[in-house]
Protein chains: 2
Amino acid sequence: MATTNLDRQVGQRLASLDIRYTTGRSRVVSSLASLDGPMSAAELRDFIAPPVPLSSLYRTLAVLEESGVVTPHYGKSGVARYELAEWLKGHHHHLVCIDCGAIEDVSLSTSQESRVHDVINDIVALAEFQATDHTLEIEGRCKKCS
Amino acid sequence: MATTNLDRQVGQRLASLDIRYTTGRSRVVSSLASLDGPMSAAELRDFIAPPVPLSSLYRTLAVLEESGVVTPHYGKSGVARYELAEWLKGHHHHLVCIDCGAIEDVSLSTSQESRVHDVINDIVALAEFQATDHTLEIEGRCKKCS
DNA sequence: TTCCTTGCAAACGATTTGCATTGGA
DNA sequence: TCCAATGCAAATCGTTTGCAAGGAA
């Protein structure tokens with residue numbers, strides 16, 4: 001089953017946690033990999049062949065989330081969207097559409113990312129806070145909605 | 001009714017939109033003002049006396065959101081949390097503790113905030129995206145949990 | 001009076017769970 | 001074999017809505 005490089009990484013991770021990497025789970029992972037941004041369970045279902053019941057999909061996503069393979073994002077309209085975790089996908093930020101809720105990934109250049117880090121270090125230096133990660137989300141209207 | 005300064009600001013805003021500033025709405029606003037961070041509807045309900053049905057609370061929050069008095073926040077676990085809008089509370093960012101979940105507000109200095117804006121303008125220039133707002137959240141461990 | 005607002009209960013959509021069946025190590 | 005994973009249907013949770021009663025202009 002572990003054919004692609006991605007499958008191999010995820011398979012190893014799950015194996016180390018004594019969790020099976022089944023066909024269904026692999027299908028969810030490779031669907032997420034082939035998509036641009038975080039996807040809701042319903043969107044994901046329409047993307048997976050053969051058809052998967054939503055309940056199974058949610059269960060799969062829960063397992064993948066607990067094992068650190070996918071990351072959930074909660075936005076307006078009450079739907080959760082899922083994407084591959086950063087150790088698989090790389091560090092990135094989001095453009096969030098305030099109208100349709102779509103999320104687009106953006107990767108920052110090294111200099112942009114280091115400018116973000118500079119600001120964060122400034123902030124954290126004042127507060128007594130041990131930063132481990134950061135989220136920069138830009139809200140606005142996507143091409144379709146503007 | 002418009003006794004406090006906050007009430008006066010909100011009352012004016014609503015009046016300019018031909019929306020009544022009722023006792024129930026005022027209670028929600030002052031509850032939000034007296035609380036540290038964004039609160040869910042259920043948390044808010046337990047804080048308001050006399051008891052308010054959740055449905056009324058949601059309706060009140062919807063009105064206040066549409067009129068720009070409160071801002072919803074969809075950080076975690078799919079429940080919406082609400083806080084006073086930035087024109088009442090000031091623009092700020094969040095330090096989110098990954099252990100205890102506490103959210104601390106931080107205000108950036110003018111130069112820090114302008115550095116954030118510079119980066120955002122850089123990013124948005126490339127994407128076809130009309131930015132209206134941004135959220136910078138720093139995740140890590142708060143003083144208590146580290 | 002005439003709208004707007006509220007409370008109650010029922011409806012709703014997203015997500016979860018119980019249980020019987022299937023499938024992989 | 002044996003336990004974990006799946007499919008289906010029903011339950012649950014947060015949130016929304018229809019409708020009748022209460023209140024302010």
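The chains referred to below are lettered A, B, ... by the order of the sequence lines, with proteins before strands, and numbering in each begins at 1.
Note: CZ (A:R59) to P (D:dT6) measures 9 Å, nearest angstrom. D:dG14 atom P lies 13 Å from atom OH of A:Y74, rounded to whole Å. When rounded to the nearest whole Å, the span between CG of A:L14 and P of C:dG24 equals 17 Å. Rounded to an integer number of Å, the gap from CD of B:E65 to C1' of D:dT16 is 14 Å. The interatomic distance linking B:E66 (CD) with D:dT16 (P) rounds to 10 Å, in whole Å. In this entry the distance linking CZ of A:R27 with P of D:dT6 reads 10 Å, nearest Å. The distance between atom CZ of B:R45 and atom C1' of C:dG7, rounded to the nearest whole Å, is 14 Å. Residue B:L57 contributes atom CG, which lies 14 Å from atom P of C:dC8 at whole-angstrom precision.
Looking at heavy-atom distances under 4.0 Å, A:A62 makes no contact with the nucleic acid at all.
Listed candidates were D:dG18, C:dG23, C:dT5. Nearest to the side chain of B:R25 is C:dT5. Distances from the side chain of B:T22 to the nucleotides C:dT6, D:dA5, C:dG7 place C:dT6 closest. Distance from the side chain of B:S56 is smallest to C:dG7 among D:dG7, C:dG7, D:dG14. The side chain of A:V52 has D:dG7 as its nearest neighbour among C:dG7, D:dG7, D:dT6.
The neighbour count for B:E86 CD, taken as heavy atoms of other residues, nucleotides or ligands under 6.0 Å away, is above 12.
With values rounded to the nearest 0.5 angstrom, A:S40 atom OG is found 10.0 Å from A:L61 atom CG.
Each of B:I138, B:V119, B:L108, B:D118 was checked for a side-chain contact (heavy atoms from CB on, under 4.5 Å) with A:V119, and the lone residue meeting it is B:L108.
Both B:D18 and B:S55 lie close to DNA chain C; mapped to their nearest nucleotides by heavy-atom distance, the more 5′-ward contact belongs to B:D18. Each of B:R20 and B:A80 was assigned the nucleotide of DNA chain D with the nearest heavy atom; the assignment lying further toward the 5' end belongs to B:A80.
At the phosphate of D:dG14, neither OP1 nor OP2 sits under 4.0 Å from any side-chain N or O atom of B:S40.
Counting only heavy atoms from C-beta outward, the side chains of B:K89 and B:H92 approach each other to under 4.5 Å.
Using bins of under 30°, 30° to 60° and over 60° for the plane-to-plane angle, the ring pair A:H91/A:H134 lands in the perpendicular bin.
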